[in-house]
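Below is one structure, written out as structure tokens, with a few remarks after it.
A note on names: the letters A, B, ... follow the listed sequences, proteins ahead of strands, and every chain is numbered from 1. Everything numeric in this text was worked out from a predicted model, so none of it was measured.
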2 protein chains.
Amino acid sequence: MSTEKILLVDDDQDILEFLGYNIKKEGFDVETASNGKDAIEVAKKFKPDLIILDVMMPEMDGMETCHQMRNMPMLKDTLIIFLTARGEDYSQIAGFDAGADDYITKPIKPRVLVSKVRAILRRKGSTQEEESAIEANGVSIDRERYLMKKDGVEFNLPKKEFELLALLMSKPGKVFTREVILDSVWGGEVVVGDRTIDVHIRKLREKLGDLYIKTVKGVGYKFEV
Amino acid sequence: MSTEKILLVDDDQDILEFLGYNIKKEGFDVETASNGKDAIEVAKKFKPDLIILDVMMPEMDGMETCHQMRNMPMLKDTLIIFLTARGEDYSQIAGFDAGADDYITKPIKPRVLVSKVRAILRRKGSTQEEESAIEANGVSIDRERYLMKKDGVEFNLPKKEFELLALLMSKPGKVFTREVILDSVWGGEVVVGDRTIDVHIRKLREKLGDLYIKTVKGVGYKFEV
DNA sequence: TAAAAACTTACGATAGCTTTAAATGAATGT
DNA sequence: ACATTCATTTAAAGCTATCGTAAGTTTTTA
């Protein structure tokens, strides 16, 4: 699952930065726009999974923007959350009729927003029946149950080992460089040495047997097919 | 799907009749109450799918009534719409905090009300297709009766413990992250620490035995199969 | 055969979980 | 109304699997 893309639309630059920062921090891919027209332009290119839209904006307001977006095939399935000031006229909430999937009242606590964003993306995701199990070579992993199975026998792997194996098995045969591995299993900001990877590979080999994970010297590792 | 049941609560007899007539006409099964206490009594027996609740009522107001209803397991999943007079103090809308799912401002056009009712019932229908009894591994839970049964012996669990177990058992084997657990058992906005989950897990383990709920370090918990 | 890369082992730090206990708040009985 | 019991949350301390690193060894490559 790639990182989810969120488009944030508000005419107030401060809010844009504040919310943008907080959502980015949680690992989402964020773009911003400060009015309805821009929002539509950006949305066309960026193809966000979710749009957070201030209702009160000069020129084209949130509801009008939402309405137009809903009529664009490309954005048909995009989720839209309205941002409304508490105390605004609540006929606003006719927003649901304009096609919003949810809404939040200002003032907004970042935690609340993030949790709402997660919730609504999850709701969407759950309708799409994700595949959570991969299999290759008599070895299979089930992300949902966090289990590895070899020749019919199930094992528990610690988190890092599991993530590492999952990565390698996500494309059996493909060589993953150490850089890619660090990025994917440990995440961009963490700095751990290369030896750390070796050790985790070793632990996996202990549990899997030496046949499955192959070293490609000077390049990286792969799950053998 | 049988016809949906709606409970209408307002202290003004005229409104009650007016709205009642219009909703009935659309094929819903309607009961009425003219104050908070009655509403709760009727709700217990009638088990409506949706309650439309006037905020301004003598004695027990709508928000208080709503609050009490939300604490009754039997009505936990019932949808509640608030009726508020336009121009009323909007701190009212804290109504959402009291657990309302939506609200409508007076004066109300029947058409608008009916369309809102339809919309919100639809929303519910799509997210809720839960079986009220789940079984796995000799343990079963019955949501309707709020009972847990282990090896033929029935126990009653406190609310949080029950909800937690119900979540884990909703997909046996699947690992639920702490985030998902908090979101689902405690609700998006509530802030309780991670330790709280641990403790409830512990209580469940005390009652179930240590075999059923498994910790997946760094990830979450699951109901073992 | 020298240099580079990867492997192995073992150890120390710590994140993350468990446990205990105690405070607060809600529900129930007298 | 008061006391009592039970549910929930928080705080604090303990525990351990997991993680990261160091350092020496082996294998590969040029």
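In this model, the phosphate group of C:dT9 is approached by a side-chain N or O of A:Arg202 to a distance below 4.0 Å at OP1 or OP2. Contact between the side-chain N/O atoms of B:Arg178 and the OP1/OP2 oxygens of C:dC17 is found at a separation under 4.0 Å. At the phosphate of D:dT21, OP1 or OP2 sits under 4.0 Å from a side-chain N or O atom of A:Thr196. OP1 or OP2 of D:dC19 has not a single side-chain nitrogen or oxygen of A:Trp186 nearer than 4.0 Å. Regarding contacts with the backbone of C:dC7, a side-chain N or O of A:Arg205 is found under 4.0 angstrom from either OP1 or OP2.
The pair B:Lys45-B:Glu31 fails the salt-bridge criterion, with no side-chain N (NZ, NE, NH1 or NH2) lying under 4.0 Å from an Asp/Glu carboxylate O. With salt bridges taken as basic N to acidic carboxylate O contacts below 4.0 Å, one links A:Glu206 and A:Arg202.
In this structure a side-chain-to-backbone donor-acceptor pair under 3.5 Å is missing from B:Lys214 to B:Tyr221. Looking at A:Glu161, its side chain never comes within 3.5 Å of a backbone N or O of A:Leu164 through a donor-acceptor pair. A:Asp142 places no side-chain N or O within 3.5 Å of a backbone atom of A:Leu147 that could act as its donor or acceptor partner.
With A:Phe46 as the aromatic partner, A:Lys5 meets the cation-pi criteria of under 6.0 angstrom to the ring centre and within 45 degrees of the ring axis.
Atom CD1 in B:Ile201 sits roughly 12 Å away from atom P in C:dT19 (whole-Å rounding). Put simply, CZ on B:Arg195 is 11 Å from C1' on C:dT19, counting in whole angstrom units. To the nearest angstrom, P of C:dT19 lies 13 Å from CG of B:Leu204. Between the NE2 atom of A:His200 and the P atom of C:dA6 there is a distance of 17 Å, rounded to whole Å. Going from atom CD of A:Glu206 over to atom P of C:dA10 covers 11 Å, rounded to whole Å. Whole-Å rounding puts the B:Asp194 CG to C:dT18 C1' distance at 13 Å. The CG atom of A:Asp198 sits 13 Å away from the C1' atom of D:dA22 (whole-angstrom rounding). Atom-to-atom, CG of A:Asp210 to C1' of D:dT27 comes out at 14 Å; the value is rounded to the nearest Å.
Listed by residue number, B:Thr215, B:Lys217, B:Gly218, B:Tyr221 are the residues of residues 213-223 of chain B with a heavy-atom contact under 4.0 Å to DNA chain C.
Note on A:Lys159: only backbone sugar-phosphate atoms sit closer than 4.0 angstrom, heavy atoms only; bases stay farther off.
Closest contact between the side chain of B:Lys160 and the listed nucleotides D:dT8, C:dA6, C:dT19 involves D:dT8.
When the shell of 6.0 Å around CD of A:Glu179 is examined, it contains 12 or fewer heavy atoms from other residues, nucleotides or ligands.
Residues B:Gly193 and A:Val199 both approach DNA chain D. Their nearest nucleotides, taken by heavy-atom distance, put B:Gly193 toward the 5′ side.
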